[in-house]
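Below is one structure, written out as structure tokens; the observations come after it.
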Number of protein chains: 2
Amino acid sequence: MASRAKATILDIAREAGVSKSTVSLVLQGSGLIRPETAVKVRKAIEDVGYVYNRGAANLRKAHSNVIGMVINDLTNPFFTELAVGMERVFQSAGIVPFIANTAENPVRQEEVLKSLMEQGVAGLIVSPARGTTPGAFRRIETAGVPVVFAMRRLPESRIPVIAPDNHRGAFLATAHLIGKGHRRLAFFGGSSDLVVYHERLGGFREACATLGIAAADTLVFEGETSRKGGIACLDTAIAMAEPPTAALCFNDAVAFGAMLALRKHGLEPGADFAVVGFDDVTEAEHYMPALTSVAVDAAGLGERAAHAMLKMIQSRTTRAEDHIGAVNLVVRESCGPARPRRPGMGDAA
Amino acid sequence: MASRAKATILDIAREAGVSKSTVSLVLQGSGLIRPETAVKVRKAIEDVGYVYNRGAANLRKAHSNVIGMVINDLTNPFFTELAVGMERVFQSAGIVPFIANTAENPVRQEEVLKSLMEQGVAGLIVSPARGTTPGAFRRIETAGVPVVFAMRRLPESRIPVIAPDNHRGAFLATAHLIGKGHRRLAFFGGSSDLVVYHERLGGFREACATLGIAAADTLVFEGETSRKGGIACLDTAIAMAEPPTAALCFNDAVAFGAMLALRKHGLEPGADFAVVGFDDVTEAEHYMPALTSVAVDAAGLGERAAHAMLKMIQSRTTRAEDHIGAVNLVVRESCGPARPRRPGMGDAA
DNA sequence: GCCTATAGATGGAACGTTCCAATAAATCAA
DNA sequence: TTGATTTATTGGAACGTTCCATCTATAGGC
């Protein structure tokens, strides 16, 4: 049933009664061969159950058509949206990207990158794992393989970045909260080893400062970027002598966690405590109450990153311009009713 | 900055003053070379910025260490859990699996499989796209590459399958609904071109039949396996002259949709209409109301599939035993209070 | 001192492609 | 008819590895 030793281009040549060169030409769709010959060859290919050996070809050609997408957390719908966006453009370019997950683990990331490089990828789109060391991409850069960072950046790297405007998003969200009358605000979740964290926290702080919130009234709670982290942040916040009345969360998962915890404490998200998320995953819209969140268009950024990569490969350069994607605040129900509250402590029902 | 032509094993040899054979031996950690020589070689490797060319090596060796995981929908957390489970075991086996997404599109799947085969994968774990044609894997089978199906199976294929016990899961869920006093039941979502669909529907029907629900009182609504599909199913069901009072949903996404639609109609999930999901994604637990669902342990099945694949590769066979994973019903709030209702129409509050 | 083992290192062929240069056959211009 | 041009096809070298068979020392046994 299974033909033993796998067929090569020479087997096809023998079968079709032509030379290996002719078969090779047919394989790459050259117009140089007579149509009848091509038909004959294609039939032979079918008959012997041939499968093209791209490794052998790359040995000669030196440019592969595989692109690696390295994702830090496939479990987070935000990043799968990013991946899906990238895939969309690669697909229409006739390229099959390979996705590898690093599970937010720098060591794993190292392995993954090594493996991808050994496979001879033409390019790499990476959302780096938390705690990636500055030198992690040095070897890849010296190898001349184009890399673009998506969503996240590294502290002092020259690698092009496609990411949302985190600072502005956080500013917008915080301004919204303040506009609702809140005067004591928290920032929930995230950890300081991520550049994104500083960007978002920076926006939060700037909004507080420019809109007249005293530094003493802006509270920051680091924590896991997950539901669990959100729960923990809210629990410790609510236990304070003078608890905040609203929180900007590092991402939607944290926001969901915070809302869960609010209910646990007998408080109603929106009415008793305002929460806004970041990323606007699809779930945000369907949650109860629907989550107000900063939309970043992950899929769009993915497409953008893929296009940048394609262009880099084509023009055989390793440089490209950064792109900071527009964000916008999607107002739903998790910050209470539409009309602004009266100035004051603002936590009355 | 970037060293031009990429370094090969010969460059290392020259640098270290040894032969290419020696370098090769060092690379594969052979004990045949003198330690001091090995050190010298390893230094040269570092110095020239060498990256191993697996393609060239495979040309000679004929067994690669890449495994392809082909997923039908990366957007569905259920399948990413599966992927993460597989990854876990491959990682500890020192293998980096490449994930490819087919977006539930058989044509795309064809491309993806072709690409993976050309790359010379050692094995393939596939959750086939809806509408996959029976012959889609013939070529791969004749090439002798081991394949395992995860979660889904094809109608009449000899390829080993790792999947949950869909029939039993549906039976359990339906029995639960009937035990709650419901007498007119619906099955929401899914389409008949999926084997899973028939398995789950079969369990539903068997439970109805054996527990005394008339065929006229078991309603089936096909539909998309998404929130949108769930909304559509509920909308048409509720518009009937004699609507059902409970529904088993093809999966959790459909269940979320149905609950959303219930609220839209002013009905409260759980109290006014019972819904149970399938798959028990993490979101189910946190939903309002928390969703009663059939837990299938996607990650566990992924691990199982990965182990099966590893074993197949090791024993160079293309056959393995099917594995039907245990399921269990996780009862939460979406079917109303714990005590059984009075027999009767059962839709009174 | 000679023969045999052994440890360590090596040259060369092979793997399955691509692509250049060369060839053969057919067509055209004169 | 002849030479030039075009159209189809082809052999061979190269790509970067692995691995077998071979080679050279050095050590050991006598």
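In what follows, chains are A, B, ... by sequence order, proteins preceding strands, each numbered from 1.
Here Leu27(B) lies out of heavy-atom contact (under 4.0 Å) with every strand. Nucleic acid contact class of Thr8(A) (heavy atoms, under 4.0 Å, all strands): sugar-phosphate only.
Within 6.0 Å of the CZ atom in Arg304(B), the count of heavy atoms belonging to other residues, nucleotides or ligands does not exceed 12.
In summary, Glu118(A) and Lys6(B) do not engage in a salt bridge, as defined by a charged side-chain N under 4.0 Å from a carboxylate O. With respect to Arg138(A) and Glu141(A), no salt bridge is recorded, no charged nitrogen being found less than 4.0 Å from a carboxylate O. Under a 4.0 Å N-O distance rule, the pair Arg108(A)/Glu111(A) qualifies as a salt bridge. The residues Glu46(A) and Arg139(B) are annotated as salt-bridged, a charged nitrogen and a carboxylate oxygen being separated by less than 4.0 angstrom.
Extent of DNA chain C lying under 4.0 Å from chain A heavy atoms, first and last nucleotide in 5' to 3' order, is dG16(C) to dC19(C).
Every residue was checked against the side chain to side chain donor-acceptor pair (under 3.5 Å) condition with Ser157(B), not counting sequence neighbours, and none meets it.
Listed by first and then second residue, the salt bridge (charged side-chain N to carboxylate O under 4.0 Å, His left out) pairs involving residues 65-93 of chain B are Arg88(B)-Glu303(B) (not counting sequence neighbours). For residues 77-124 of chain B, the set of pairs meeting the ring pair (Phe, Tyr, Trp, His ring centres under 6.0 Å) definition, not counting sequence neighbours, comprises Phe98(A)-Phe98(B).
Side chains of Ser64(A) and Asn58(A): no donor on one and acceptor on the other come within 3.5 Å.
The stretch residues 29-45 of chain B comes close to DNA chain C through Leu32(B), Ile33(B), Arg34(B), Thr37(B), each having a heavy atom under 4.0 Å from the strand. Near DNA chain D, meaning a heavy atom under 4.0 Å from it, residues 13-21 of chain A has Val18(A), Ser19(A), Lys20(A), Ser21(A) in order of number.
Taking the side chain as every heavy atom from C-beta outward, Leu124(A) and Pro146(A) never approach each other to under 4.5 Å.
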